[in-house]
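Inspection log for the structure reproduced underneath, given as structure tokens.
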Amino acid sequence: MPASIYTSRTLVYGGLAIVGFSNGASERIAAELDQKGVLAAFYNTFGVSTVVWAALLVGVCFLLRSNPQPMRRIDIAIATSAAVAFLLPLPALSWLAISLIAAHLAFSSRSTDLERRAAAVLGAATVPMLWARVLFASMSNSILVVDAKLVGWLVGTNSHGNVIPFADGSGMLFLEPACSSLTNVSLAYLCGILFLKIYDQYWSLSAIRTIVVACISTISLNVIRISAICLLPRYYDEIHGPIGATLAGWATMGTVLAIYIRGIKPNATADA
């Protein structure tokens, strides 16, 4: 007997993904609204990258387009666990619960192709929102030191830890977590997964190479921006401030999209 759409697991998991994303992003959204107001927060996509919002939309669409299947005990157990996690005032637990849902859909023998594609997208969305932050929390010093060394090499000054002297000797730049390339790398990875799954492509050497190039490009652009501050410290406010951040964001996004458009092509048999 065909599963009722009201009891299908794809509908349940789609709804849970929306609730989980909303709860997981609530902290960022609240901070953005408090600091910038509704209009400015809206234009800044509420402090959450457009790539992450796109992942939510694509993942839910994949789930809703998949053939309905009835909930089974394992689905009920996972859905209940996720719902409990969403009720707790800890955004990180929501992303962890979404990771659990994605893992289940990815490895369940009952999953359809669309469900597995949804799992890949939703799971990848948790990388910039949770796992990259966990990695940074455990290796922040090492990650910032690498960024600083790259900048120091480009500027021609010797970095000390995460401190980089200005080229003219007038001061020093202290790299903070927000300056790290890790966030942009995680978003470039997510963007690559979106291209792969929307185009219904499988992992291949070409796809891996394209994603690696995109990630390296984001690191390069971030290092160039920080280097510009060290070379032109009198323009610190312009380069590091809202104008510089916006221009750097658009340049990074445009570069990543250009790389993926060129490197990952649609599958002629794709149903997405």
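At least one donor-acceptor pair closer than 3.5 Å links the side chain of N162 to the backbone N or O of L175. Between the Q201 side chain and the K265 main chain, a donor and an acceptor come within less than 3.5 Å of each other. Between the side chain of Q35 and the backbone N or O of E32, no donor-acceptor pair lies under 3.5 Å. At least one donor-acceptor pair under 3.5 Å links the side chain of R225 to the backbone N or O of H240. Under a 3.5 Å cut-off, the side chain of T157 and the backbone N or O of F166 do not form any donor-acceptor pair.
Side-chain heavy atoms closer than 4.5 Å link hydrophobic residues (I, L, V, M, F, W, Y) into clusters, and following such links, even through other members, never connects L57 to V48. When hydrophobic clusters are built by joining Ile, Leu, Val, Met, Phe, Trp and Tyr residues whose side-chain heavy atoms come closer than 4.5 Å, directly or via intermediates, I76 is not grouped with F107. Clustering ILVMFWY residues whenever any of their side-chain heavy atoms sit less than 4.5 angstrom apart, transitively, puts F195 in the very cluster that holds I211.
Within the 4.5 Å cutoff, the side chain of L114 has no heavy atoms near those of the L63 side chain. Here the side chains of L150 and L154 are not in contact, with every heavy-atom distance at 4.5 Å or above. Side chains of V58 and K197 form no contact here, defined as non-hydrogen atoms less than 4.5 Å apart. The side-chain heavy atoms of R117 and I198, taken from C-beta on, include no pair separated by under 4.5 Å. I164 places none of its side-chain heavy atoms less than 4.5 Å from the side chain of M172. Residues Y13 and H104 meet the side-chain proximity criterion, which asks for heavy atoms closer than 4.5 Å. Side-chain contact between L33 and V38: present, with at least one pair of heavy atoms (C-beta onward) separated by less than 4.5 Å. Side-chain atoms of L194 and V121, non-hydrogen and from C-beta on, do get closer than 4.5 Å to each other.
When only modelled atom types and interatomic distance are considered, T45 and W53 share no side-chain donor-acceptor pair under 3.5 Å. Counted by atom type alone, T252 and T218 present zero donor-acceptor pairs between their side chains at under 3.5 Å. Judged by distance alone, the side chains of S99 and T126 do bring a donor and an acceptor atom under 3.5 Å apart. Side-chain contact check for S111 and R9: at least one donor-acceptor pair (N or O, by modelled atom type) lies under 3.5 Å. Side-chain contact check for W153 and S159: no donor-acceptor pair (N or O, by modelled atom type) lies under 3.5 Å. Donor-acceptor pairing under 3.5 Å is recorded for the side chains of N222 and S181.
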Pair L182-L135, side-chain contact (heavy atoms from CB on, under 4.5 Å): steps then yes or no: CA-CA 9 Å; L182 184 61; L135 177 63; 4.2 Å; yes

side-chain contact (heavy atoms from CB on, under 4.5 Å) evaluation trace for M253 with L257: CA-CA 6 Å; M253 180 60 69; L257 288 176; 4.0 Å; yes

Criterion side-chain contact (heavy atoms from CB on, under 4.5 Å) on F136 and L144, from CA distance to verdict: CA-CA 9 Å; F136 190 84; L144 289 175; 4.0 Å; yes

side-chain hydrogen bond (donor to acceptor under 3.5 Å, both in side chains) assessment of S186 paired with R133: CA-CA 10 Å; S186 63; R133 298 171 70 179; over 6 Å; no

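Below 30°, between 30° and 60°, or above 60°: for F42 and F46 the angle between ring planes is above 60°, a perpendicular geometry. Note: W95 and F21 have perpendicular aromatic rings, judged against thresholds of 30 and 60 degrees for the angle between ring planes.
Salt-bridge annotation for R234 and D168: absent, with no side-chain N of the basic residue lying under 4.0 Å from a carboxylate O of the acidic one.
Heavy-atom minimum distance, A214 versus V256: O-CG2, 4.3 Å. In terms of heavy atoms, L122 sits closest to I98 at O-CG2, 4.0 Å.
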